[in-house]
Number of protein chains: 2
Amino acid sequence: MAAMEPRNPIGEKLRSNGYHLTPQRLMILDIMERSDDHISAEDIHQQVRARYPRQHVSSIYRTLETLKKLGLVTETDLRDGKLRYHLQEKGHHHHLICEKCGQFQQLDGSLLSPLKAAILRKYRFRADLRHLAIFGRCGKCA
Amino acid sequence: MAAMEPRNPIGEKLRSNGYHLTPQRLMILDIMERSDDHISAEDIHQQVRARYPRQHVSSIYRTLETLKKLGLVTETDLRDGKLRYHLQEKGHHHHLICEKCGQFQQLDGSLLSPLKAAILRKYRFRADLRHLAIFGRCGKCA
DNA sequence: CTCCGTGCAAAGGCTTTGCACACTC
DNA sequence: GAGTGTGCAAAGCCTTTGCACGGAG
């Protein structure tokens, strides 16, 4: 396989940390890039397999693990039994999830800034408020 | 087994909703009552089994499910693969969990009130901010 | 008698791990 | 050749479900 030229910051980061940007990883990243929302490992798997059927889920998990470790990907738990992933570089937002109807909408991140500041001030704790999931009842179900 | 007198609000609530306060449930509630922190189903299971070895995990889950439905118990995900439970009547608080060292401390609930209000105002969404888990880096690990 | 609750066993669903081979540096 | 990555299979872990029996109302 021809050498992978690091054309993007993610490839760069991988290489500078001793990891490789393999075709499989490219496909995974590509899919995450295109996805509007957070997707599960299984979602990614299915999409990759459409083009490359031999792709195995375990590689997805392993790649996701690596990307997480490098801070390139964030993990969100929407409480439906599977974790969702999202490219950090695509920016971050938050979710309001209705416990009754299951619908979720995005939350303006600026609402969280005061909280983050308050936590830092009072507890010296650097809250990672990317992709927070807040549960409750939406307007219709309340 | 003699009839269970509903001596407490929880028994009352169960009965008024057509559920029974069985010895098993009493043990589960007793353990949750004593526990300072949030405990997992498996934790409860082990403690119950110390006194009553035939107790099976499935009953714990089923009881917890019932209590959750009645709003008597809250569920928290500390991202370590298992869910934690806590008696609603014991009051609620929040967690700051360090992603590096794993330690967690409690967070003053009053810090969240403004957020809750802002979300309701802007999105008409009733956020359930009981037992929120906030991840990040503690003072030592930052 | 009907519904609820239990223990038990088995299954389920998502995620992780061991292994051998392939590729990169 | 040392380290990294992959497909494959199998295991792991927490949680849920089916079933039959027992007990409460």
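Below, read A as the first sequence line, B as the second, and so on, with proteins coming before strands; counting in each chain starts at 1.
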*On DNA chain C, nearest-nucleotide positions of Arg84(A) versus Leu14(B): which is more 5'?*
Leu14(B)

*For the pair made of CZ in Arg25(A) and C1' in dT24(C), what is the distance, rounded to whole Å?*
12 Å

_Phosphate OP1/OP2 of dA24(D) contacted by Tyr19(B) side-chain N/O (<4.0 Å)_ = no

*Across the strands shown, which category fits Gln55(B) at heavy-atom distances under 4.0 angstrom: base, sugar-phosphate, nothing?*
sugar-phosphate

*Using a 4.5 Å cut-off on heavy atoms from C-beta on, say whether the side chain of His94(A) contacts that of Leu112(A).*
yes

*Atom NZ of Lys68(B) and atom C1' of dT16(D): how far apart are they, to the nearest Å?*
11 Å

*asked:* Of the listed nucleotides (dT15(C), dG5(D), dT15(D)), which one gets closest to any side-chain atom of Ala41(B)?
replied: dT15(D)

*For Gln24(B), report the nucleic acid contact type (base, sugar-phosphate, nothing); a contact means any heavy atom under 4.0 Å.*
sugar-phosphate

*asked:* Just the rounded figure in Å: distance from C1' of dT15(C) to CD1 of Ile44(A).
replied: 14 Å

_Pairing of Arg25(A) and Asp30(A) as salt bridge, 4.0 angstrom limit_ = no

*Is any side-chain N or O of Ser58(A) under 3.5 Å from a base N or O of dC8(D), one able to act as donor and the other as acceptor?*
yes

*Ionic contact status for Lys68(B) with Glu65(B), cut-off 4.0 Å*: yes

*Write down the atom of Leu107(A), the atom of Leu111(A), and the distance for their closest heavy-atom approach.*
CD1-CD1, 3.5 Å

*If only side-chain N and O atoms of Thr22(B) are considered, is one of them under 4.0 Å from the OP1 or OP2 phosphate oxygen of dG23(D)?*
no

*Whole angstrom value for the distance that separates P of dT16(D) from NZ of Lys69(B)*: 12 Å

_If I take atom NE2 in residue His45(A) and atom P in nucleotide dT6(D), what distance separates them, rounded to the nearest angstrom?_
13 Å

*asked:* Does the structure place the NZ or CZ of Arg79(B) under 6.0 Å from the centre of the six-membered ring of Phe135(B), at an angle of no more than 45° from the ring's axis?
replied: yes

*How many Å lie between CZ on Arg79(A) and P on dC14(D), as a whole number?*
19 Å

*Using a cut-off of less than 4.0 Å, is there contact between a side-chain N or O of Ser59(A) and OP1 or OP2 of dG7(D)?*
yes

*Which whole-number value in Å describes the distance from His56(B) NE2 to dC19(D) P?*
17 Å

*asked:* So, under a plain 3.5 Å distance rule, would you say the side chain of Arg62(B) forms a donor-acceptor pair with the base of dG7(C)?
replied: yes

*Nearest to the side chain of His20(B), which nucleotide is it out of dG5(D), dT6(D), dA24(D)?*
dA24(D)

*Confirm from the modelled atom types if Arg54(A) and dG5(D) form a donor-acceptor pair under 3.5 Å, side chain to base only.*
no

_salt_bridge(Lys122(B), Asp108(A)) N-O dist < 4.0 Å_ = yes

*Starting at CG of Leu21(B) and ending at P of dG25(D), how long is that distance when rounded to a whole Å?*
11 Å

_Tell me whether the side-chain N/O atoms of Tyr61(A) come closer than 4.0 Å to OP1 or OP2 in dT15(C)._
yes

*From dT6(D), dG5(C), dT6(C), pick the nucleotide closest to the side chain of Thr63(B)?*
dT6(C)

